[in-house]
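Reading through the structure tokens given below for one structure.
Reminder, nothing fancy here: chain letters follow the sequence lines and each chain counts from 1. Computed from a prediction, not measured in an experiment: that's the story for all the values here.
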Amino acid sequence: MPARDPAGAAVLERRYRRLLRCYPPAHRAFHREEMLGVLLATARPGQRTPGLGQTVNLAACGLVIRVRRIPGWLAADAGQDALAVVSLIAPAVVFILIALGLGARYATWSARLPFWQLRVPARRASAVPGLGR
Amino acid sequence: MGRWLMYVYDMKKRSMQEPTFLILTALAAGPQHGYGIITDAEGISGGVTRLQTGTLYMALDRLRSAGLVEPDREEIADGRLRRYYRLTDEGATLLGAETERRRASAAVAAQRLRARLAGGTA
């Protein structure tokens, strides 16, 4: 506990409180004060910032607990595994980005076509410069 | 970050990962608060594992909902809340099973190393 620097300790505590917003409200209501106690007890003397490792750890753990508590559409114990969710979402995000990129390319190419014809040339994707062959 | 990824990966395999093992072992001695668990776990692991606060409370959250650990009592020290946790009977059973599993695989390793040493000197 950085007792010799009460102002610094207050700054650190405020930053930790902000970081703890990564946790779901129910978890925060139960654990926030004891977590703050542990975080400040493990701080170096004079420490004013949480540090990268601690920040990443708190944000990641808060996210995992939030994912765990998503009820219903996730199987009860699938919610325990954030990695499963990330591995579901990440390819979807990549797919959407690729689709947006291709869409933008297609839109510039077919800008003069009326909208009801927009889908027709899509079947001849190989005719689009840079898409096929 | 790497340690955290390993943690999530271990959860997927449903084997007991190191933080869980250390937390349950720390609580096997009696109820402890968060900071006590961290320092005890560091000692148990021979200084190798220093639990981060987020990791500790993520594990406690899961262990509590699994009924392996439960809040014991609360104290105020230096104006701060300290909540003590204790091992439940289910937690003690699981820790016993994990200890046996680790003992068995360590015995195999020790036996093979002895055989390797004997083969090398022969």
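- Hydrophobic cluster membership is shared by A/Leu36 and A/Leu12, with clusters built from Ile, Leu, Val, Met, Phe, Trp and Tyr side chains linked at under 4.5 angstrom.
- Both B/Ile23 and A/Phe30 are members of a single hydrophobic cluster when ILVMFWY side chains are connected at heavy-atom separations under 4.5 Å.
- Rounded to the nearest 0.5 Å, atoms CD (A/Glu33) and CD (B/Glu74) are 11.0 Å apart.
- Note that NE2 of A/His27 and CG of B/Leu60 are 8.5 Å apart. Values are rounded to the nearest 0.5 Å.
- Shown here for A/Cys61 and B/Thr55, the closest heavy-atom pair between the two residues is SG-N, 3.6 Å.
- Between B/Arg62 and A/Ile65, every side-chain heavy-atom pair lies at or beyond the 4.5 Å cut-off.
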Begin from the C-alpha positions of B/Asp61 and A/Arg68 and carry the test side chain to side chain contact (heavy atoms under 4.5 Å, CB included) through to its verdict. CA-CA 10 Å; B/Asp61 181 71; A/Arg68 258 190 221 162; 3.1 Å; yes

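- In this structure, A/Arg32 fails the cation-pi test against B/Tyr57, since its NZ or CZ atom is not both closer than 6.0 Å to the six-membered ring centre and inside 45 degrees of the ring normal.
- In the hydrophobic clustering of this structure, B/Leu22 does not group with B/Leu27; members are Ile, Leu, Val, Met, Phe, Trp, Tyr whose side-chain heavy atoms approach within less than 4.5 Å, directly or through other members.
- Looking at A/Glu34 and B/Tyr85, their side chains do bring a donor and an acceptor atom within 3.5 Å of each other.
- The CZ atom of B/Arg80 lies 5.0 Å from the CG atom of A/Leu40; values are rounded to the nearest 0.5 Å.
- Chosen from B/Thr53, B/Ile38, B/Leu56, B/Thr39, the residue pairing most often with chain A at heavy-atom distances under 4.5 Å is B/Thr53.
- In the hydrophobic cluster analysis, where Ile, Leu, Val, Met, Phe, Trp and Tyr join through side-chain heavy atoms closer than 4.5 angstrom, B/Met16 is grouped together with B/Met58.
- The cluster map of Ile, Leu, Val, Met, Phe, Trp and Tyr, joined by side-chain heavy atoms under 4.5 Å apart, puts A/Val64 and A/Leu39 in the same cluster.
- Only the side chain of A/Tyr23 comes within contact range of chain B, with heavy atoms under 4.5 Å apart.
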